[in-house]
Amino acid sequence: MDQELNDKLHSAINAYDTHYLDETVAEAVKEIIDNDFENNDTIENLKTIFSLIDLTSLNTTDNSINISKMVNKVNQFWENYPEMPSVAAICVYPSLVSTVKDKLLQPRIDIASVSAGFPSSQTFIEVKIAETSLAVMEGADEIDIVMSLGSYLEDDYLKVFDEISEIKSACGNSKLKVILETGALPSMKDIKIASIIAMEAGADFIKTSTGKQNPSATPEAIYVMAEAVKEFKEKSGKMVGLKPAGGISTPDEALVYFSIVKSILGEEWLSSEHFRIGASRLANNLLSEISKRNGGEEVSYF
């Protein structure tokens with residue numbers, strides 16, 4: 001049975017175009033930036049990017065006090081910035097999901113939790129499933145996991161697929177975001193294959209990185225992931241979301257990812273339902289940039 005499933009998975013992978021040269025991807029990204037970045041650099045698009053943010057705190061020192069303060073700022077945000085959209089979600093460790101759930105007053109903002117042995121995914125599948133189930137039980141609307149890089153690098157694609165499938169089942173009605181940790185993958189071809197495995201296994205989003213690995217998100221990685229999402233949509237009819245995360249802190253950096261997703265996937269992906277940006281510093285920098293363009297001053301809210 002395992003051999004049969006393995007053959008089916010490899011057959012699914014082989015149905016995609018995985019013939020990527022890193023330098024070709026870099027050229028394609030440069031062309032999009034050269035052609036589209038300036039036109040996309042508008043206040044309205046900066047506001048849209050703000051609405052795509054998963055406001056994230058994943059520090060060793062996180063506790064109920066500082067997470068409560070962050071949530072309270074989110075609750076009060078519209079009173080201070082009525083012309084702005086809200087962030088898409090608040091992302092924390094599993095043990096702090098209940099704190100966010102207790103404090104969050106805005107129903108349109110999701111609660112996201114890293115889970116399943118984040119950030120290395122180096123634990124037992126039983127632990128990954130249990131942690132995911134507990135995070136959902138505590139109130140997580142979304143679960144961010146890291147695919148098993150160790151298994152992937154051993155070419156054990158079926159194990160990677162099976163783990164993601166089992167964790168997806170543990171999510172129930174909550175969305176599953178699968179982190180590929182693209183900076184640890186050897187090539188653009190590997191980023192494409194990892195994207196395919198995650199989507200075939202049931203991922204609702206594919207995500208670049210944890211922010212704990214160097215390099216983290218890169219425009220080249222999101223280009224290849226967007227191409228994979230486009231092909232998956234053509235084959236399955238399902239729209240899978242994209243989430244660049246890790247090291248994205250300036251409006252210009254965010255606009256690069258926005259431009260790539262818009263160019264490859266089109267306008268229908270440019271909402272929080274199918275596009276997120278994981279960030280901790282980006283929110284303030286976007287607020288500052290919008291304020292300055294409107295004749296105001298630098299902002300430090302979050």
Side-chain angles (χ1 to χ4, degrees), residues 52-72 74-75 86-149 151 159-181 198-199 201-213 240-243 245-246 272-274 276-280:
L52 306 176
I53 290 177
D54 283 358
L55 192 64
T56 303
S57 186
L58 297 172
N59 303 306
T60 305
T61 53
D62 282 347
N63 56 60
S64 60
I65 296 172
N66 73 294
I67 296 301
S68 292
K69 288 179 179 178
M70 181 173 74
V71 176
N72 286 336
V74 171
N75 288 335
S86 68
V87 295
I90 297 172
C91 184
V92 295
Y93 281 115
S95 60
L96 291 162
V97 167
S98 61
T99 298
V100 181
K101 181 75 172 177
D102 290 343
K103 300 292 183 182
L104 186 61
L105 301 178
Q106 304 295 347
R108 287 181 287 179
I109 297 173
D110 285 344
I111 302 171
S113 172
V114 294
S115 192
F118 179 93
S120 298
S121 196
Q122 294 285 8
T123 190
F124 304 103
I125 182 60
E126 294 84 358
V127 174
K128 295 178 181 181
I129 292 169
E131 188 176 47
T132 298
S133 299
L134 288 166
V136 171
M137 186 176 67
E138 291 287 282
D141 305 297
E142 303 170 5
I143 298 292
D144 290 37
I145 69 164
V146 182
M147 79 169 193
S148 178
L149 264 292
S151 297
K159 184 177 180 181
V160 176
F161 176 93
D162 284 344
E163 282 203 355
I164 294 170
S165 296
E166 290 185 62
I167 295 168
K168 171 62 178 173
S169 294
C171 286
N173 293 325
S174 298
K175 291 181 180 179
L176 177 64
K177 304 195 199 89
V178 177
I179 303 166
L180 309 182
E181 200 66 290
M199 291 188 293
D204 298 295
F205 274 76
I206 52 175
K207 176 178 170 182
T208 55
S209 41
T210 60
K212 312 293 184 183
Q213 172 83 25
V240 173
L242 276 171
K243 181 179 173 181
S272 61
E273 187 68 21
H274 297 108
R276 299 288 181 83
I277 298 177
S280 55

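Just the heavy atoms: all of them, side chains too, but no hydrogens, waters or symmetry mates, feed the values below.
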Residue pairs involving residues 159-172 (criterion salt bridge (Lys or Arg N to Asp or Glu O under 4.0 Å); sequence neighbours excluded):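 Pairs touching residues 159-172 that pass the test: Lys128-Glu163, Lys168-Asp204.
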Which residue pairs pass the salt bridge (Lys or Arg N to Asp or Glu O under 4.0 Å) test when at least one of the two sits in residues 88-111, sequence neighbours left out?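 For residues 88-111, and leaving out neighbouring residues, the salt bridge (Lys or Arg N to Asp or Glu O under 4.0 Å) pairs sorted by first residue read Asp110-Arg276.
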Carboxylate-amine/guanidinium contact Glu181 Lys207, below 4.0 Å: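 No salt bridge links Glu181 with Lys207.
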Salt-bridge test for Lys175 and Asp141: reply yes if a basic N is under 4.0 Å from a carboxylate O, no otherwise.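 A salt bridge is absent here (no side-chain N lies under 4.0 Å from a carboxylate O).
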Interatomic distance, [X] atom [atom1] to [Y] atom [atom2] [nearest 0.5 angstrom]:
X	Y	atom1	atom2	value
Met147	Ile167	CE	CD1	12.0 Å
Gln106	Ile90	CD	CD1	9.5 Å
Glu142	Ile111	CD	CD1	9.5 Å

Could you report the tightest heavy-atom contact between Ser68 and Thr99, atom names first, then the distance?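 Taking Ser68 first and Thr99 second, the nearest heavy atoms are OG-CG2, 3.3 Å.
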Which atoms form the tightest heavy-atom contact between Ser280 and Leu55, and what is the distance?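 That closest heavy-atom pairing would be O-CD1, 4.5 Å.
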Pairing residues for Glu138 by the side-chain contact (heavy atoms from CB on, under 4.5 Å) criterion, not counting sequence neighbours: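 For Glu138 the side-chain contact (heavy atoms from CB on, under 4.5 Å) partners, ignoring immediate neighbours, are Val97, Ser98.
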Is a side-chain donor or acceptor of [X] paired with a backbone partner of [Y] at a separation under 3.5 angstrom?
X	Y	answer
Asn59	Thr61	no
Thr210	Lys212	yes
Ser121	Val146	yes

Any side-chain donor-acceptor pair under 3.5 Å between Ser57 and Asp62?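 On atom types as modelled, these side chains qualify, holding a pair under 3.5 Å.
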